[in-house]
Amino acid sequence: MPDNKTNTHKIMLAVIGLAVLIMGVLLFISPPAVFPDPGMGLQVMRSMQLGGGFNLFTSPDQGDISQNYSDFLTWWSPGQYLVPYFFQWVTSLNTGQVIAIIITICQLVGLAGFYCFFKKIGFTKLTAAISLVFIACQQAFVVPYIFYNGGEILLFAFEGWFLYGCATLKKPDLKLLLFVLFSGWLGFFCKSSFLWIYAAGLCCLWTRISVNLAGVWPWIKKGLWIAIPAIIAILCIHIFYLSKGQNPTSNAHGIKLTLQTFGFPLASPILSGFSADDLLHGLLYHTGIPVFNDTWSIFILLLLAILSIWLIFKIVRNVPNNDYRLFIVAFYLAAVLIFGITYLRQLTISYEARHFRIIGLLIAPGLVYLASRAKTTYRWGVIALVAGIGFISVAYVVKGYQFNKNKSTRGITGIAQPNIDQASLNQVMKLDRENKDAIFVFVSDDIGLEIKHNRIITLQPIGADLKINMDDYVYKGFAGPLYIVLPESYAGPKEKLIMKSFPGYAGFNLSMLSDNYVLYAAKLKRK
């Protein structure tokens, strides 16, 4: 798509930037809720603010509740809570407000990074600007305005600039060494899954600086300039972080080959780029009421995989930019191979399109280029499709923001609390101020963030089938007052399972915090 002599691309960039700033102000006024993963990270921040060590999650010991147990958190990378920690330290704002600032900065920095990257690999300013419009329409772009998703938003801010570096550096020198080394560390700091993006990006970088060389040995020599700092970066990450605990790749559960094993990665361009996985409430890993049953889900997945392969083929065949074709092919193949093997080994990685967001971002300028050269009917079809996705995304933001602002409760952190009502939260915070040696028990990761003077335990929610591993729930011993906060829907077998988890306590008293939440209090030691 050739640039015209107007300032159309500048107008587009200004509109997108202004929209992000306006949403940032609204978000500062009414901060978002928190997804479970970053909610766990923010609990580590809480532990550190209360005097705990770096990256240590401190909670009552299951073997003796009177003692504390500290765990070095390696399941997620630390950026999701260390960045809010830093902003709180600098600004003295509450958690919700600094999260709003972080989201706004990350959105602007991420969009700028991808705009520069798209231009660097040969697309016009207008094509790059339209690509940002497409990205802004994706539901993944608007999710942080409703739920803080931690590493996802941090990674978005960084990965465009990482790709820009991979497309810019041309010769082996000190600048290349430092880029490879520090991008590995910084990307992992944002989100641990960056490591596969790191590998794919470095393959593109290696190919670019070696493409004009003849013979294997010159390629190897150029590759060493990338491999050595990359190995150092990964070794440091493993030695000083990953080796200290469990992570999603720690335990395999045998080999299992299914249609979705490689079908899901193959379908990633449409699942992520066109927000298909989000719009379907999770095609395989359901985040809401499933739209389709298992059989139909597999059928649709295979259809989307075929369409995705066709789309990648069309982009590679028709887009004339060699660097862009290199990035598309390298990242798509890396996603299929790495995640295919991951799913084959049944590692603890979910079937969610968010893991493949980089693919959905990379196809943006290619799709815009194809649409600009397609027949009018097809072009307007693509415009209508993207506009439809954008409309649904806007509706999602409006509905979610209104819910967070008008229905969710808020405590001292300022974040939206959808899992408890205001009356109940006020009483819980009052009990926290009145006690210094109590333990509060919740079945949601976010509510415990409002407790500042006492210890907390977060139990996993109990499903309707009542199937739980009691070893994960039992806390032995006695250690002062125990306050268990549960939804009223837990009345019956669920509440009995929860109280059974604390065998050292007797004399539980039930009191209604509100019509929807119940407090179970125990202060007596079982003899």
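Residues take their numbers from the sequence shown, with the count starting at 1.
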Ile197 side chain reached by Phe331 side chain, heavy atoms, under 4.5 Å: yes
What's the separation between atom CG in Asp173 and atom CD1 in Ile209, rounded to the nearest 0.5 Å? 9.5 Å
Please tell me whether Trp196 and Phe339 form a close aromatic pair, meaning their ring centres lie under 6.0 Å apart. yes
Using a 4.5 Å cut-off on heavy atoms from C-beta on, say whether the side chain of Leu257 contacts that of Phe262. yes
Partner of Phe156 by side-chain contact (heavy atoms from CB on, under 4.5 Å), out of Ile358, Asn149, Ile103, Ile135: Ile135
Asn247 versus Trp76: any side-chain heavy-atom pair under 4.5 Å? no
Drop me the distance from Phe327's CZ to Ile121's CD1, to the nearest 0.5 angstrom. 7.0 Å
Rounded to the nearest 0.5 Å, what separation is found between the CD1 atom of Ile270 and the CG atom of Leu307? 4.5 Å
Please confirm whether the ring centroid of Phe57 lies under 6.0 Å from the ring centroid of Phe72. no
Establish, for the pair Arg345 and Tyr343, whether the NZ or CZ atom is under 6.0 angstrom from the six-membered ring centre and no further than 45 degrees off its axis. no
Does atom NZ of Lys452 have more than 12 heavy-atom neighbours from other groups under 6.0 Å away? yes
Indicate yes or no: at least one non-hydrogen side-chain atom of Leu370 is less than 4.5 angstrom from one of Asn318. yes
May I ask you to check whether Tyr324 and Phe123 place their ring centres under 6.0 Å from each other? yes
Taking the side chain as C-beta and beyond, is there a heavy-atom pair between Gln88 and Thr95 under 4.5 Å? yes
I'd like to know whether the aromatic ring centres of Tyr285 and Tyr351 sit less than 6.0 Å apart in this structure. no
Ring geometry between Phe162 and Phe194 (parallel below 30°, tilted from 30 to 60°, perpendicular above 60°): perpendicular
Ring centres of Trp206 and Trp225 under 6.0 Å apart? no
Answer yes or no: is there a side-chain heavy-atom contact under 4.5 Å between Ile99 and Phe87? no
Are the aromatic rings of Tyr198 and Phe188 close, with centres under 6.0 Å apart? no
Could you please spell out the steps behind the salt bridge (charged side-chain N to carboxylate O under 4.0 Å, His left out) verdict for Lys191 and Glu152? CA-CA 7 Å; Lys191 187 171 173 61; Glu152 304 287 346; 3.2 Å; yes
Which class fits the ring pair Phe182 and Trp185: parallel under 30°, tilted 30 to 60°, perpendicular over 60°? perpendicular
Are any of the side-chain heavy atoms of Met12 and Leu132 separated by less than 4.5 Å? no
As an exercise, state the distance from OH of Tyr332 to CZ of Phe356, rounded to the nearest 0.5 Å. 10.0 Å
Do Gln138 and Leu361 have side chains that approach each other closer than 4.5 Å (heavy atoms only, starting at C-beta)? yes
Does His238 NE2 have over 12 foreign heavy atoms under 6.0 Å away? no
Within a radius of less than 6.0 Å around CZ of Phe54, do more than 12 heavy atoms belonging to other residues, nucleotides or ligands occur? yes
Output, in order, the C-alpha distance, side-chain angles, deciding distance and verdict of side-chain contact (heavy atoms from CB on, under 4.5 Å) for Phe274 and Leu279. CA-CA 9 Å; Phe274 291 90; Leu279 298 178; over 6 Å; no
Over 12 foreign heavy atoms within 6.0 Å of CD, Gln460: no
State whether the number of non-hydrogen atoms from other residues, nucleotides or ligands found under 6.0 Å of Trp380 atom CH2 is greater than 12. no
